[in-house]
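Quick notes on the structure that follows.
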Amino acid sequence: MISRRLAVGLLAWTLGACGGTDQTGDAVVPDETQGPPSAPTGQPSETGSATGKATTNPVGATANPMGTNATAGAGAPAPGSTQQPTGPSDDASAGNADWTPEAPPPAQSAPDQASVMEPGAVPGSQPARGRAQPMPARSASNEGDRYDGVGTNPFVVTAHDPFSTFAADVDSASYDLFRRDVNLGIVPRPTSVRLEEYINNFSYDYPAPDREGAAPFEISLSAASDALGRDTTVLRVGIQGKPRAAFAKKPTNLVFLIDTSGSMRSNEKLPLVQEMLTLTLDFLDPEDTVSIVTYAGATRVALEPTAVADKAQIAEVINSFAAGGSTAGASGIKLAYEQAQAGFIDGGINHVVLCTDGDFNVGASSDDALVTLIEDKRTTGVTLTALGFGIGNLNDSMMEKVSNAGNGIYSVISSSVHAERYVSERMLSSLEHIAKDVKIQVEFNPDHVQAYRLLGYENRAIADDLFRDDSVDAGEVGAGHTVTALYELVLTNQELPEVADAPATDDGEPVEGEREIDPSDLVLLKVRYKSPEASESDPAAEIQATLSPDNVHEGLPAADDDLAWAVAVAGLAEILKKSPYGDPAALPTIEGIIRPQASRDADRTEFVELYDKLAPMLNPGM
């Protein structure tokens with residue numbers, strides 16, 4: 001038997017070796033089961049390139065910026081394409097060689113053990129079945145996370161191709177990863193940055209659609225010259241969705257699909273999942289139903305469809321799980337869809353909520369196989385949201401693809417505070433869609449616009465000639481959501497910027513396609529969408545809006561605060577992703593835009609706080 005003195009000494013050594021908490025007070029522990037992360041065979045590319053415009057595949061395939069030689073729907077690479085937009089690298093700064101982010105602290109070792117306790121158990125007693133307990137704290141690293149770099153869109157000469165077409169995207173995961181990393185004192189990996197998810201994390205005061213009108217959106221267009229010190233013009237496309245009517249939530253059938261494998265032992269994984277799902281019950285109606293499927297080495301139905309009126313039973317099941325075993329994710333997805341069908345509500349919300357770090361390693365585990373599986377299942381009327389947890393082995397690449405395939409929205413939950421905000425502010429709007437297959441096409445007038453560049457949406461590109469092909473899958477928009485896109489324009493009286501290492505300008509003979517823009521307009525915006533209940537063969541509706549050259553503001557200060565905010569956030573995202581167009585010298589301008597708006601809402605307050613933590617890592621002298 002171990003002596004009391006030795007036991008006390010071992011306890012003191014363990015506490016000393018395991019460290020403390022992160023900057024938010026939450027202890028953060030990467031995956032404890034695998035040791036140092038290594039790239040698995042077939043891991044997605046970290047450099048990423050996007051080539052040409054899409055011409056054949058639907059949204060959700062490989063990254064693809066705006067070019068000419070396209071492949072099919074959003075995101076597929078173009079066969080034979082020669083345009084290679086610059087892809088980010090974790091090792092070089094792509095045109096900003098004098099800027100090097102501070103390296104993350106090295107991970108420390110910690111005991112490879114997780115314990116769970118039942119309510120009322122005495123600390124230090126034998127681990128028992130119950131809610132997974134946080135593991136000892138240790139420093140964190142994002143080096144084992146898996147991302148697909150999306151590259152950077154090139155400038156496109158308008159006389160060659162006046163059309164820019166892409167799928168709407170209201171995912172927030174890339175910004176969630178920014179929040180997670182900065183709060184841990186880590187600079188986000190360049191390949192984790194999807195610029196559109198940064199700007200779409202925020203709400204904007206766009207004109208609201210008529211509640212009684214047929215269209216679920218209202219379109220807002222704005223433009224200003226000389227953004228962030230460059231002699232170009234920025235165009236903002238803003239779309240405001242109808243809010244959910246008060247007390248009008250649809251009947252809801254949810255399936256919680258919970259990863260309980262060994263990689264979920266860390267305190268920011270399974271225990272945080274349990275906390276968030278328990279909170280979710282408070283926002284559902286008593287008549288709503290919840291079922292639970294878990295997967296590790298094997299899968300099982302932990303709870304068949306149960307009315308939320310029996311909240312205590314559901315919470316007890318949620319809090320009963322412990323982490324262990326391998327990860328049979330594909331079989332868990334199949335079983336979750338079966339439970340969704342068992343509790344299916346006609347005319348209601350039927351949704352699978354996948355909670356995982358994405359580390360699937362048993363059964364169908366390639367991204368393509370999982371996407372095919374979920375695309376087959378979405379025809380049943382059941383949608384899927386992916387919620388990512390943890391750091392160090394997060395499979396961001398896979399989760400973005402499966403959520404797109406499942407007509408859902410992808411987010412990453414990083415703390416208790418974030419979990420509470422997500423559940424109270426975003427969960428229901430993310431589940432209740434007001435439109436699906438939302439496609440956006442901007443047509444530029446070559447008499448006024450020499451060239452244009454879409455900021456972000458590299459892996460959401462759709463071939464121009466598929467804009468009115470209503471069988472093409474695109475993006476979903478939830479109740480009250482806004483969609484924002486930014487373009488950098490070179491007007492006919494401006495010069496195309498010369499930027500080191502920028503992707504080659506997309507130029508050539510004029511592309512085919514009927515020009516619909518009025519000669520007096522700067523841009524024509526077209527938004528095409530279907531109702532959530534529509535089938536693949538049902539026709540889509542379309543709405544349009546225009547902006548004239550006379551409505552371009554002289555300088556960003558003359559524009560509205562929302563345009564300035566989106567430009568500032570996009571500027572920071574370009575720096576973080578090491579885009580050739582990202583300019584660290586613009587940081588003071590970015591700060592000058594965001595700081596006066598810090599008190600406007602909670603999201604902007606948080607962003608300024610995150611910026612203050614990040615700035616010294618970008619410029620150590622600050």
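In this structure, E420 places its CD atom where only 12 or fewer heavy-atom neighbours from other residues, nucleotides or ligands lie under 6.0 Å away.
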Next item on the list: Begin from the C-alpha positions of E443 and L525 and carry the test side chain to side chain contact (heavy atoms under 4.5 Å, CB included) through to its verdict.
Entry: CA-CA 6 Å; E443 182 180 346; L525 172 66; over 6 Å; no
Item checked: Test side chain to side chain donor-acceptor pair (under 3.5 Å) applied to N404 and Y410, step by step -> CA-CA 8 Å; N404 288 340; Y410 167 40; over 6 Å; no
Check: Can you check side chain to side chain contact (heavy atoms under 4.5 Å, CB included) on D181 and I391, steps first, answer last?
Finding: CA-CA 9 Å; D181 288 354; I391 186 171; 3.8 Å; yes
Item checked: Trace of the side chain to side chain contact (heavy atoms under 4.5 Å, CB included) decision for E197 with D169 -> CA-CA 8 Å; E197 296 183 24; D169 185 8; 3.7 Å; yes
Check: Going through the distances and angles, do L572 and Y198 end up as a side chain to side chain contact (heavy atoms under 4.5 Å, CB included)?
Finding: CA-CA 9 Å; L572 182 62; Y198 276 55; 5.7 Å; no
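Side-chain contact between V170 and V483: present, with at least one pair of heavy atoms (C-beta onward) separated by less than 4.5 Å. Between Q240 and S220, the closest side-chain pair of non-hydrogen atoms is not below 4.5 Å. No side-chain heavy atom of T492 sits under 4.5 Å from any side-chain heavy atom of D447. Contact of the T589 side chain with the L556 side chain is not registered, since no non-hydrogen atoms from C-beta on lie closer than 4.5 Å. You'll find the side chain of V552 stays beyond 4.5 Å of the side chain of L235, heavy atoms only. Residues Y581 and R230 are in side-chain contact: their nearest non-hydrogen atoms beyond the backbone lie under 4.5 Å apart. In this structure the side chain of E488 never reaches within 4.5 angstrom of the side chain of V234, judged on heavy atoms. Side-chain contact between T232 and L489 is absent, with no heavy atoms from C-beta onward closer than 4.5 Å.
A donor-acceptor pair under 3.5 Å is formed between the side chain of R180 and the backbone N or O of G390. Between the D560 side chain and the L563 main chain, a donor and an acceptor come within less than 3.5 Å of each other. Between the side chain of H418 and the backbone N or O of S414 there is at least one donor-acceptor pair closer than 3.5 Å. The backbone N or O of G555 lies less than 3.5 Å from a partner atom in the side chain of S225, making a donor-acceptor pair. A donor-acceptor pair is defined here as one N or O able to donate and one able to accept, closer than 3.5 Å; no such pair exists between the side chain of K577 and the backbone of V150. Side-chain atoms of N200 come within 3.5 Å of backbone atoms of T484 as a donor-acceptor pair (strictly under, hydrogens ignored). Counting only distance, with no hydrogens or angles, the side chain of H160 and the backbone of E509 share a donor-acceptor pair below 3.5 Å. A donor-acceptor pair is defined here as one N or O able to donate and one able to accept, closer than 3.5 Å; no such pair exists between the side chain of D171 and the backbone of A173. Although no hydrogens or angles enter the test, the distance criterion places no donor-acceptor pair under 3.5 Å between the side chain of D396 and the main chain of Y147. Counting only distance, with no hydrogens or angles, the side chain of R211 and the backbone of P209 share no donor-acceptor pair below 3.5 Å.
In this structure, S415 OG and L272 CG are separated by 7.0 Å, a value rounded to the nearest 0.5 Å. Taking CG from L184 and CZ from R179, the interatomic distance works out to 12.0 Å, rounded to the nearest 0.5 Å. In this structure, NZ on K526 lies 8.5 Å from CD1 on I517, to the nearest 0.5 angstrom. Note: T546 OG1 to I219 CD1 = 10.0 Å, rounded to the nearest 0.5 Å. The distance from atom CH2 of W565 to atom OH of Y204, rounded to the nearest 0.5 Å, is 8.0 Å. Here the OH atom belonging to Y422 is positioned 4.5 Å from the OG atom belonging to S411, to the nearest 0.5 angstrom.
Closest approach of E542 to F467, counting heavy atoms only: OE1-CE2, 3.7 Å. Closest approach of N445 and S520 over heavy atoms only: ND2-N, 4.4 Å. Residues D161 and V156 come closest through the heavy atom pair O-CG1, 3.7 Å. K242 and G213 make their closest contact through NZ-O, 2.6 Å (heavy atoms, listed as atom of the first residue, atom of the second, distance). Closest heavy-atom contact between L614 and P188: CD1-CD, 4.4 Å. The two residues N201 and S172 have their closest heavy-atom pair at OD1-CB, 4.3 Å.
Among residue pairs with one or both ends in residues 493-520, none qualify as ring-ring contact (aromatic ring centres under 6.0 Å, His included); sequence neighbours excluded. Sorted by first then second residue, the salt bridge (charged side-chain N to carboxylate O under 4.0 Å, His left out) pairs that include residues 422-436, not counting sequence neighbours, are R244-E432, R421-E425, R426-D603.
Look at R600 and D205 and you find a salt bridge, because one of the NZ, NE, NH1 or NH2 atoms lies within 4.0 Å of a carboxylate O, short of that distance. Using a 4.0 Å cut-off between a side-chain N of Lys or Arg and a carboxylate O of Asp or Glu, D148 and K401 qualify as a salt bridge. Taking the charged nitrogens against the carboxylate oxygens, E196 and R460 have no contact shorter than 4.0 Å, which rules out a salt bridge. With salt bridges taken as basic N to acidic carboxylate O contacts below 4.0 Å, one links D612 and R595. A salt bridge links R194 and E400; the closest N-O separation between the charged side-chain nitrogens and carboxylate oxygens is under 4.0 Å. R604 and D561 are not joined by a salt bridge, as no carboxylate oxygen comes within less than 4.0 angstrom of a charged side-chain nitrogen. Classification of E514 and R468 as a salt-bridged pair fails, no side-chain N sitting under 4.0 Å from a carboxylate O.
The side chain to side chain donor-acceptor pair (under 3.5 Å) test with S164 is passed by exactly one of Y452, Y457, Y487: Y487.
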